[in-house]
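Count residues from 1 along the sequence.
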Amino acid sequence: MAAYAELPQDPVESLNREFLSRFPVDAARQLESMSPREISHVLADMPTPVLVRVLEKVTPGALETIVMELSGEQVASLLESLSISVSVPLLSRLDDDRVDRYLALLTEGAASELKGLLSFPDNSAGRLMNPRIVAFNHAIRVDNALEQLKAQGMTTIRHLFLLNDEMQLLSQVDVRKLPLADGNALLSDLAVPVTTFVHAMDPKDEVMEKLDKNRVDVLHVVDVDQRLVGTIQGQGILDAMREDLVADLQTMVGASKDERALSSSLFAVRKRLPWLQINLLTAFLAAGVVGLFEDTIAQFTALAVLLPIAAGQSGNTGAQALAVTMRVLSLREITLRDWFRVVSKELAAGLINGIGIAVVCATGVYLWSGSTGLALVMALAMVISMTLAGASGALVPIVLKRFGQDPAQSSSIVLTTVTDIAGFMSFLGIATLLSGMLAAG
């Protein structure tokens, strides 16, 4: 009797949960074909982890319908758990009032992050696209597709987009083929491959070039995982784009995005000089660190020869990590919530690279100086400074973005200071600690 008492009160709900958990792809196809009332009944009490597994496999168009049948609390929990490649396109396809209601239920940090991701740079494909798309799984039948189109009230579309089970764009079908097609045929049998597309963060000039070159009436927009996030319609956009197309130059060395190759010298000076002054200040900070070890350098002159190597290697390591982190932030492959994974990865990469460089560097220093102590100092400094530089290269732009600053405009200057100080401090600090192993002069 005790065993029966532990059984769920509703065996149908238990079976539904088991099916959704174990077969998310099949469950997604079933949900796409159900009525809103049936969806609400099945998903009303489902836990968030189960919903996430299934809804990440539901095609655009059907996903919005399903989400609107959930309670506000369920949607808020989903938005905090779904990957950004699903949650952001989903919100972009909903009306503004509904988005505001959902975001109001989130924590301030999560809501702010999603709001930021919902907007694209002015000169990007994401800003030009229409995010309200309807797509189908490639294995769906023609009759099922027609039923879903009617249920969603779609009357003006020209193409159906076909996705695989990972929601990646595969092909498209001209809707004019559907009325004469066999209802039991698969949509994929009527489809043609998609060969022309752009990424959401691609610049306007690339969008214009592809529209002009391929003469297509619709250009697909995908994210970094090849998931369809929107479309850019028509050739008419070319004229509008040519009128306001400008290069959005943002550098990491303090040059203004407004400066052009033929800008006046005074304009260039006005934009660059403040950043050069800031860079000078940070250089004095690094010089101050060297000054702390003036006695050590005077006693062991070989340190002065090797000092640029320590700073140079840490600087290069930090620059590599910075470039990668800036890229993935710009392409929205990561968000601020992923900071620990990114920093940990660059920390590990810096450590491993540091060990590899340390072996080669220490060997070279020993052959040059014949000093085991100096070789050991160099090896330890390489490992420590490159490890710190790798982590800093990832952390600096993330921290700047977190506090609302433009990481592209100032990351390089901040990072240069950090890596110089790390290189000088580790090299000269270790040399001071191990001064007994160094030969004077």
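Side-chain contact check for Leu374 versus Ser369: some heavy-atom pair is nearer than 4.5 Å. Side chains of Gln168 and Leu228 form no contact here, defined as non-hydrogen atoms less than 4.5 Å apart. Counting only heavy atoms from C-beta outward, the side chains of Phe161 and Val194 never approach each other to under 4.5 Å. The shortest side-chain heavy-atom distance between Met201 and Asp223 does not fall under the 4.5 Å cut-off. The closest side-chain heavy-atom distance from Leu163 to Phe136 is not below 4.5 Å. Put simply, the side chain of Val192 reaches to within 4.5 Å of the side chain of Gln172, judged on heavy atoms. You'll find the side chain of Ser87 reaches within 4.5 Å of the side chain of Leu114, heavy atoms only. Using a 4.5 Å heavy-atom threshold, the side chains of Ile297 and Thr301 count as separate.
Without hydrogens or angle criteria, Ser81 side chain to Leu78 main chain gives no donor-acceptor distance under 3.5 Å. Ser314 places a side-chain N or O within 3.5 Å of a backbone atom of Ala311 that can act as its donor or acceptor partner. Under a 3.5 Å cut-off, the side chain of Glu56 and the backbone N or O of Ser83 do form a donor-acceptor pair. Put simply, the side chain of Asp202 never gets that close to the backbone of Val198: no donor and acceptor are under 3.5 Å apart. Between the side chain of Thr317 and the backbone N or O of Gly350 there is no donor-acceptor pair closer than 3.5 Å.
The minimum heavy-atom distance between Gly318 and Leu415, with the atom names listed, is O-CD2, 3.2 Å. Taking both residues in full, the closest heavy atoms of Met34 and Val42 are given as CE-CG2, 3.7 Å, listed atom of the first, atom of the second, then distance. Smallest separation of non-hydrogen atoms from Met167 and Val58: SD-O, 3.3 Å. Leu105 approaches Glu73 most closely through the heavy-atom pair CD1-N, 4.2 Å. Annotation for Val229 and Pro89: closest pair CG1-CG, 3.7 Å, computed over non-hydrogen atoms. The nearest pair of heavy atoms linking Val173 to Leu187 is CG2-O, 3.5 Å.
Atom CZ of Arg341 has 12 or fewer heavy atoms from other residues, nucleotides or ligands within 6.0 Å. Crowding of Asp95 atom CG: a count of heavy atoms from other residues, nucleotides or ligands under 6.0 Å exceeding 12. The number of heavy-atom neighbours closer than 6.0 Å to CZ of Phe23, taken from other residues, nucleotides and ligands shown, is 12 or below. Counted within 6.0 Å of NE2 on His41, heavy atoms from surrounding residues, nucleotides or ligands total 12 or fewer; the atom is thus considered open.
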Could you walk me through whether Leu79 and Leu91 pass the side-chain contact (heavy atoms from CB on, under 4.5 Å) test, one step at a time?
CA-CA 9 Å; Leu79 291 176; Leu91 288 175; 4.1 Å; yes
Can you check side-chain contact (heavy atoms from CB on, under 4.5 Å) on Val50 and Ser21, steps first, answer last?
CA-CA 6 Å; Val50 175; Ser21 299; 3.4 Å; yes
Could you walk me through whether Val365 and Leu306 satisfy the side-chain contact (heavy atoms from CB on, under 4.5 Å) test, starting with their C-alpha distance in whole Å, then the side-chain angles of each, then the deciding distance to 0.1 Å, before giving a yes or no?
CA-CA 9 Å; Val365 169; Leu306 299 175; 4.1 Å; yes
Could you walk me through whether Val52 and Val86 satisfy the side-chain contact (heavy atoms from CB on, under 4.5 Å) test, starting with their C-alpha distance in whole Å, then the side-chain angles of each, then the deciding distance to 0.1 Å, before giving a yes or no?
CA-CA 10 Å; Val52 168; Val86 177; over 6 Å; no
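Residues meeting the side chain to side chain donor-acceptor pair (under 3.5 Å) test with Arg53, sequence neighbours left out: none. Asp165 meets the side chain to side chain donor-acceptor pair (under 3.5 Å) test with Asn137; sequence neighbours excluded. A search for side chain to side chain donor-acceptor pair (under 3.5 Å) contacts involving Thr231 returns Gln233, not counting sequence neighbours. Listed by chain and number, the residues in a side chain to side chain donor-acceptor pair (under 3.5 Å) with Arg98 are Tyr102 (sequence neighbours excluded). Under the salt bridge (Lys or Arg N to Asp or Glu O under 4.0 Å) criterion, Lys345 pairs with no residue, sequence neighbours left out. Qualifying side chain to side chain contact (heavy atoms under 4.5 Å, CB included) partners for Pro308, counting only residues two or more places apart in sequence or in other chains: none. Residues that satisfy the salt bridge (Lys or Arg N to Asp or Glu O under 4.0 Å) test with Glu32, not counting sequence neighbours, are Arg29. Remark: Arg402 pairs with no residue by the salt bridge (Lys or Arg N to Asp or Glu O under 4.0 Å) rule, at least two apart or across chains. Arg127 meets the salt bridge (Lys or Arg N to Asp or Glu O under 4.0 Å) test with Asp122; sequence neighbours excluded.
In this structure, NE2 in His220 is found 9.5 Å from CD1 in Ile133, a value given to the nearest 0.5 Å. Summarising the geometry, atom CG belonging to Leu170 is positioned 4.5 Å from atom CG belonging to Asn164; distances are rounded to the nearest 0.5 Å. A distance of 8.5 Å separates CD1 in Ile398 from CH2 in Trp339, rounded to the nearest 0.5 Å. Atom CG of residue Leu43 and atom CG of residue Leu31 lie 5.5 Å apart, to the nearest 0.5 angstrom. Here the CG atom belonging to Leu90 is positioned 7.5 Å from the CG atom belonging to Leu82, to the nearest 0.5 angstrom. We find the CD-CZ distance between Gln30 and Phe19 to be 5.5 Å, quoted to the nearest 0.5 Å.
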Extract all donor-acceptor atom pairs below 3.5 Å that involve side chains of residues 420-430 and protein atoms in other chains or at least two apart in sequence.
| from | atom 1 | to | atom 2 | distance (Å) |
| --- | --- | --- | --- | --- |
| Ser426 | OG | Ala422 | O | 2.7 |
| Ser426 | OG | Gly423 | O | 3.1 |

What donor-acceptor contacts under 3.5 angstrom involve side-chain atoms of residues 375-396, with partners at least two apart or in another chain?
| from | atom 1 | to | atom 2 | distance (Å) |
| --- | --- | --- | --- | --- |
| Ser385 | OG | Ala381 | O | 2.7 |
| Thr387 | OG1 | Val383 | O | 2.6 |
| Ser392 | OG | Leu388 | O | 2.8 |

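Between Ser77 and Thr48, the side chains place a donor N or O and an acceptor N or O closer than 3.5 Å (distance only, hydrogens not considered). A side-chain donor from one of Thr296 and Thr432 sits under 3.5 Å from a side-chain acceptor of the other.
Under a 4.0 Å N-O distance rule, the pair Arg227/Glu166 does not qualify as a salt bridge.
For residues 62-71, the salt bridge (Lys or Arg N to Asp or Glu O under 4.0 Å) pairs, not counting sequence neighbours, are Glu64-Arg93.
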